[in-house]
Amino acid sequence: MVAAALLAAGCTADDEPQADMPDASVVETEEVTAATAAPATAPSATTSTPASAEAEPEPAGDDVDSEPAGDDVEAEPAGDDAEAQPDEAAVSDGPPPKSDAAAYTRFVVSQAIDLYDSAGLDALLDEVNSPDSVDGQWYVFVVDSDDTIIGHYDDNRLGADLNGWIGTDVNGYVFGAEMLTATQAGKWVPYVFSNPASGALGDEDSFEFKNAWVVRHDGLLFGSGWYVDTEEFAPQLFSEAAEHFRSGGLEAFLEFSTEPGGVNTGLIPLAEYYNRTVTLDGLFTGIAAAPDGTILAHIDPGLIDTDIEDLLGPAVRNATAEGGWITADDNPEGIGPETMRMWLIDVDGTLIGGGWYRLAEGG
């Protein structure tokens, strides 16, 4: 399998069952409450150092040897570096905008780790175990060295084993085990969970696709996550992948797609799970195809070196440099997959993108 192909795990269908990262529409009602997961905390942010004293002009006074206290001294301009330093500090001291959900998630987690380091575990848990700590869709969760949840805004989750029911999403994907493999470098783990910004925990209507950032620190697991609007996320992700392809070819595209800690790499185990079950209607995959149509990347290695039009139909040639959704309805009747929703970008003839499709019976 070419891991890069899984960039697409976030596309939704319009009229078809959602083949987006599992969504509320694919929740099995009997498992709704038992399958909820324990998501998480906020990512880390680098705190920049304040501008140094050297950036300030020397005071004009008796302490200044051989320098007259006068206009010449006061007017002496600070160098470019001195002026830029406070500005850079001001920019980096603040949190990323929430519109950059992945960066803000990492910031939240890092702030939780900073609180733990500076004030200790009790102070951290006093903060994250309070419902007041929920920041829209963001909240922090903490798991101890025994894989037990010790930090979560919902006290019904406290004491639960991440290897148990709480580490399995509503569609049966076991994400807890993925989280527990996180190191101090951090990793993204996607799954379906309840969004506190759109409903009460356990409310079926609030289940959404979530991408959590988890970091192992001092024996504890710190996490938080953001809830993905796949109609926005997939185009952004594939556009970034296309830029890597433009700048460095297929190798750069594959490196971006499999980069440790990259937001898309966490989609791989999730997509693999949904592709081998009947939970969703369609196959998730990312895809890259050469100008002659030869498939270069796909979740199914057996399809590498086959022709993309034979697989998805001639509609793939509708792809533009800006990118857009290609559906089964864009193909001539009777040609191509039975259902399809793929975001494709034409990069000088090479097609980059992903989504989901289901072949017609016998196709």
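The first residue of the sequence shown is numbered 1, and numbering continues consecutively from there.
In summary, the side chains of D292 and T294 do present a donor paired with an acceptor at a separation below 3.5 Å, with no hydrogens or angles considered. Using a 3.5 Å distance cut-off with no hydrogens or angles, the side chains of Y153 and N129 do not pair a donor with an acceptor. In summary, the side chains of N318 and D330 do not present any donor paired with an acceptor at a separation below 3.5 Å, with no hydrogens or angles considered.
Cluster membership check: I335 does not share its hydrophobic cluster with I295, using side-chain heavy-atom separations under 4.5 Å among Ile, Leu, Val, Met, Phe, Trp and Tyr.
Of the possible polar contacts, one joining the R216 side chain to the L180 backbone as a donor-acceptor pair under 3.5 Å is found. With hydrogens and angles ignored, the 3.5 Å screen pairs no side-chain donor or acceptor of D135 with any backbone N or O of W138. Judged by distance alone, the side chain of S133 and the main-chain N or O of S130 form a donor-acceptor pair under 3.5 Å. Listed for the T148 side chain is no donor-acceptor partner under 3.5 Å among the backbone atoms of D144.
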Pair Y357-L312, side-chain contact (heavy atoms from CB on, under 4.5 Å): steps then yes or no: CA-CA 8 Å; Y357 66 90; L312 302 179; 3.8 Å; yes

Worked verdict on V128 versus H152 for side-chain contact (heavy atoms from CB on, under 4.5 Å): CA-CA 6 Å; V128 303; H152 196 285; over 6 Å; no

Residues D346, I352; criterion side-chain contact (heavy atoms from CB on, under 4.5 Å); working and verdict: CA-CA 7 Å; D346 185 328; I352 302 288; over 6 Å; no

side-chain contact (heavy atoms from CB on, under 4.5 Å) between Y191 and V189, intermediate numbers included: CA-CA 7 Å; Y191 52 97; V189 179; 4.3 Å; yes

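Heavy-atom minimum distance, D161 versus I166: O-CG2, 3.3 Å. Heavy-atom minimum distance, A242 versus I345: CB-CD1, 4.0 Å. What you find for L125 and G151 is that their closest heavy atoms are CD2-CA, 3.9 Å. Nearest heavy atoms, P96 versus Y104: O-CD1, 3.1 Å. Heavy atoms only, all atoms of each residue included: N331 and P337 are closest at ND2-CD, 4.0 Å. The two residues T285 and I299 have their closest heavy-atom pair at OG1-N, 3.0 Å.
For the pair M340/I326, a side-chain contact is recorded, criterion being any heavy-atom separation below 4.5 Å from C-beta on. Side-chain contact between D117 and D218: absent, with no pair of heavy atoms (C-beta onward) separated by less than 4.5 Å. E309 is listed as a side-chain neighbour of R317, based on a closest heavy-atom distance under 4.5 Å. With a 4.5 Å cut-off on side-chain heavy atoms, I308 and L351 count as touching. Side-chain contact between W213 and F222: absent, with no pair of heavy atoms (C-beta onward) separated by less than 4.5 Å. In this structure, L121 and I150 have side chains that are in contact, with non-hydrogen atoms separated by less than 4.5 Å. For the pair H298 and I287, the minimum side-chain heavy-atom distance is below 4.5 Å. Looking at F245 and L250, their side chains come closer than 4.5 Å, going by heavy atoms from C-beta outward.
Rounded to the nearest 0.5 angstrom, W356 CH2 and R341 CZ are separated by 9.0 Å. Annotation: the span from E251 atom CD to H244 atom NE2 amounts to 12.5 Å, rounded to 0.5 Å. Taking CZ from F253 and OG1 from T350, the interatomic distance works out to 10.5 Å, rounded to the nearest 0.5 Å. With values rounded to the nearest 0.5 angstrom, W343 atom CH2 is found 10.0 Å from F238 atom CZ.
Counting non-hydrogen atoms of neighbouring residues, nucleotides and ligands closer than 6.0 angstrom, the CG atom of D122 reaches no more than 12 such neighbours.
Of the candidates L359, D300, T306, L311 forms a side chain to side chain contact (heavy atoms under 4.5 Å, CB included) with just one, namely L359.
Ring-plane geometry between W188 and W226 is classed as perpendicular, the angle between the planes exceeding 60 degrees on a 0 to 90 degree scale with a lower cut at 30.
Salt-bridge annotation for D169 and K210: absent, with no side-chain N of the basic residue lying under 4.0 Å from a carboxylate O of the acidic one.
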